[in-house]
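Order of listing sets the numbers, starting from 1, for every ligand and every atom in it.
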Amino acid sequence: MSEAHRRQGHGRQDHRREGRRGTAVVVGAGLAGLTAATGLAARGFDVTVLEARNRVGGRIHGIEAAPGTWVDGGAAYLGDRHTELLALASELGLKTTPTTMLGASRFALDRDPDPDPDPDSAPADRTGTDTVTGTATRDGRFPPLNAVALGDLFERLAQLTAAVRPEAPWLTPDAERLDTLTAAEWAEQHLSHPDARLFFPLFLGEMCAADPADVSVLHLAFYLRSGGGLRYLNAFAGGAQQDRIDGGAHRLCERLAERLGERVRLGEAVLAVHQDDRAVTVRSDRSAYRADVAVMALPPLLADAIAYEPALPVPRAGERTARGCAVKVHLVYPAPVWRDHGLSGWSVNARGPLLSTVDDSPEGGIGVLTGFVTGAEAHRFGALTPEQQRAEALAQAGRLFPMLPEPVGFHVTDWLDDPFSRGCYAALLGPGDWTRLGPTLTAPHRRVHWAGTETSTAFFGLMEGAIRSGHRVVAEVLDRG
Ligand code: FAD
């Protein structure tokens, strides 16, 4: 158990022993809200959790890929730096399982011929290309593109990342300028090689489900730094994708909710939050709850959709705050057959719908290939009929992995149009957002406190950030006295 858990008596249902400290309404039963509610309940608060959906977990969602076998329709991966998440999993009796990445990768990066091939990298890069499908097979995950151009891209990103102030991005040297520029404009200015221009949006899609036009350079640099740096965020073994929760990440939320029991009320969408001198009243579409404090554990675009009286001095989102764009596709097979052909299941593709694929098969069972549809492609794919989505995804998977049999299952999880997420993996902070909204990110509005992964400057956008925001808000509420 981590020190933070110990301090907050995390998970202990002993509030009667500690005595009733006050009343709290937590809005949102995602990982942040459930962590906050558990911590407050353990410290003697009378807690009510209001959740709009008919399930807990928010952006963490289990899908039954085959009877009794669950895969992650939302968040999946974690690494050893996600210390609060690992502590929580262990305390809840959940194990982790490694994300398999053995064998060669596939790359379908069809593009105009390289005008400036790097003499050292070109011959090796082009080996193993299937001339019919244009798909290259290569050991490791480095794409068969101009190595010098990609090295230059990563070096530039590393410099931006090193310069950012992670705990207060708005105080970064040159913050105003970096916060006016979108990542797309930055790429236009700094990336001259076509391979770097081709790879940059794919990289952003993979890292943060972002279209480069949607995020400011300051946000991009902050996001990479907050998550542990470019290398850590991008890596499987030794990085942020190293493991998954055995049986699905949703089990974290289900177990927390079990502990909270009847305190969690599902199917209650909160519409308004009113405060007077004595209390805060949280109104849902069903009822009203009066409490000493409210904890809003929602993504910023959804927190802003609630009516506050008195009004918020600064909104939670700006005019350019965008939805992260990701649709997850799960293709289920009797076994991970690609492994028999020396392939890892990992692919990166210039054209959609599946811009990348990864092997998410549970150990010793069915084969699960997860496809990520991100950025602008997610909008196009999301607008197709289910039949069209299936046909496009299967056709592409067949080109990438010709050995695939007919799938025994096919699931699409679209987060863009989900009214209670409005995108994922996390909100994308656009031009002006960090400099305007950053300084009040966690500042309470009288009796209203803020949680959610987007309020965490450490591991922003990740499960770890959600848990840390929950811990922070518990400490904040206790400090009110
Ligand atoms: P949420 O989970 O969004 O919780 C907010 C809750 O509030 C929701 O339950 C929602 O229903 C509820 N709500 C909304 N509006 C209202 C209202 N008006 N009234 C009441 N309730 C309301 N993270 C990782 O660490 N690793 C990954 O591999 C990863 N991959 C991801 C892939 C996808 C496809 C997605 C969707 C997310 C991914 N993430 C990943 C991000 C991770 O899921 C989030 O960072 C984390 O779950 C956020 O938790 P939260 O509690 O802050 O917000």
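A donor atom on one side chain and an acceptor atom on the other are found under 3.5 Å apart for Tyr289 and Glu268. Looking only at atom types and distance, the side chain of Thr321 has a donor-acceptor partner in the side chain of Asp433 under 3.5 Å away. For the 3.5 Å distance criterion, the side chains of Thr357 and Ser347 qualify, holding a donor opposite an acceptor. Side-chain atoms of Ser344 and Arg141 form no donor-acceptor pair, as typed in the model, at a separation below 3.5 Å. For the residue pair Arg316 / Thr455, no side-chain donor-acceptor distance below 3.5 Å is found, with atom types taken as modelled.
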Query - side chain to side chain contact (heavy atoms under 4.5 Å, CB included) assessment of Leu220 paired with Leu204 - result: CA-CA 9 Å; Leu220 174 59; Leu204 244 69; 3.7 Å; yes
Query raised in the report: Between Thr370 and Val329, is a side chain to side chain contact (heavy atoms under 4.5 Å, CB included) present by the stated rule, with each step listed?
Result: CA-CA 6 Å; Thr370 302; Val329 178; over 6 Å; no
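Atoms of ligand 1 found under 4.0 Å from any heavy atom of Leu298, numbered from 1 in the order shown, are 7 (O), 12 (C), 13 (N), 14 (C), 15 (N), 16 (C), 22 (C). Taking every heavy atom of Ile60 and a limit of under 4.0 angstrom, the matching atoms of ligand 1 come to 47 (O). Which parts of ligand 1 touch Tyr77 is read off a 4.0 Å heavy-atom cut-off, strictly below it: atoms 24 (C), 25 (O), 26 (N), 27 (C), 28 (O). The atoms of ligand 1 that sit less than 4.0 Å from any heavy atom of Phe420 are 10 (C), 11 (O), 14 (C), 15 (N). Taking every non-hydrogen atom of Ala269 and a distance limit under 4.0 Å, the qualifying atoms of ligand 1 come out as 19 (N). Within ligand 1, the atoms closer than 4.0 Å to a non-hydrogen atom of Gly57 are 2 (O), numbered from 1 in the order shown. Listed by number with element, the atoms of ligand 1 under 4.0 Å from a non-hydrogen atom of Gly30 are 2 (O), 4 (O), 6 (C), 9 (O), 51 (O). Listed by number with element, the atoms of ligand 1 under 4.0 Å from a non-hydrogen atom of Leu50 are 20 (C), 21 (N).
Here's the thing with Met463: one of its N/O atoms is less than 3.5 angstrom from an N/O atom of ligand 1. Polar contact check, Gly461 against ligand 1: a nitrogen or oxygen pair lies under 3.5 Å apart. On a distance-only criterion, His82 and ligand 1 share no N/O pair closer than 3.5 Å. Looking at Val27 next to ligand 1, no N or O pair under 3.5 Å apart turns up. When only interatomic distances are considered, the shortest N/O to N/O separation between Ala466 and ligand 1 does not fall below 3.5 Å. Among the atoms of Lys328, none of the N or O lies under 3.5 angstrom from an N or O of ligand 1. Of the N or O atoms in Pro299, none lie within a sub-3.5 Å distance of an N or O in ligand 1. Looking at Val270 next to ligand 1, an N or O pair under 3.5 Å apart turns up. Below 3.5 Å of separation, one finds no N or O of Tyr425 facing any N or O of ligand 1. Annotation: Ala52 places an N or O atom under 3.5 Å from an N or O atom of ligand 1; distance criterion only.
Contact annotation: Leu31 has at least one heavy atom less than 4.0 Å from an atom of ligand 1. The shortest heavy-atom distance from Arg55 to ligand 1 is not under 4.0 Å. Residue Ala297 places a heavy atom under 4.0 Å from ligand 1.
Of the protein's heavy atoms, Ala32 N, 2.9 Å lies nearest to atom 51 (O) of ligand 1. Residue, atom and distance of the protein heavy atom nearest to atom 52 (O) of ligand 1 are Thr453 N, 2.8 Å. Looking at atom 9 (O) of ligand 1, its nearest protein heavy atom turns out to be Glu51 OE1, 2.6 Å.
Using cut-offs of 30° and 60° for the angle between ring planes, the Trp434 and Trp170 rings count as parallel. Using cut-offs of 30° and 60° on the angle between ring planes, the pair His250 and Trp70 is tilted.
No more than 12 heavy atoms of other residues, nucleotides or ligands sit less than 6.0 Å from atom CZ of Arg446. Dense packing is recorded around CZ of Arg165, with more than 12 heavy atoms of other residues, nucleotides or ligands lying under 6.0 Å away. Other residues, nucleotides and ligands contribute more than 12 heavy atoms inside 6.0 Å of the CZ atom of Arg480. Atom CD of Glu363 is surrounded by 12 or fewer heavy atoms from other residues, nucleotides or ligands within 6.0 Å.
Using a cutoff of 4.0 Å between basic side-chain nitrogens and carboxylate oxygens, Asp276 and Arg290 are scored as salt-bridged.
For the pair Arg59 and Trp415, the cation does not sit on the ring face, since its NZ or CZ is not both under 6.0 Å from the ring centre and inside 45° of the axis.
Pairing each heavy atom of Gly367 with each of Ser361, the nearest pair is CA-OG, 3.4 Å.
Closest heavy-atom approach to atom 48 (C) of ligand 1 within the set Arg59, Glu454, Arg53: this belongs to Arg59. For atom 27 (C) of ligand 1, the choice among Ala76, Ala36, Gly452 with the nearest heavy atom turns out to be Ala76. Within the set Ala29, Gly73, Ala75, Ser456, the minimum heavy-atom distance to atom 30 (N) of ligand 1 is found for Ala75. Nearest to atom 36 (C) of ligand 1 by heavy atom, out of Gly324, Cys424, Ala426, is Cys424.
Checking Val448, Val27, Leu312 one by one against Val273, the side-chain contact (heavy atoms from CB on, under 4.5 Å) holds for a single residue, Val448.
Residue Gln241 does not touch ligand 1, judged by heavy-atom distances below 4.0 Å.
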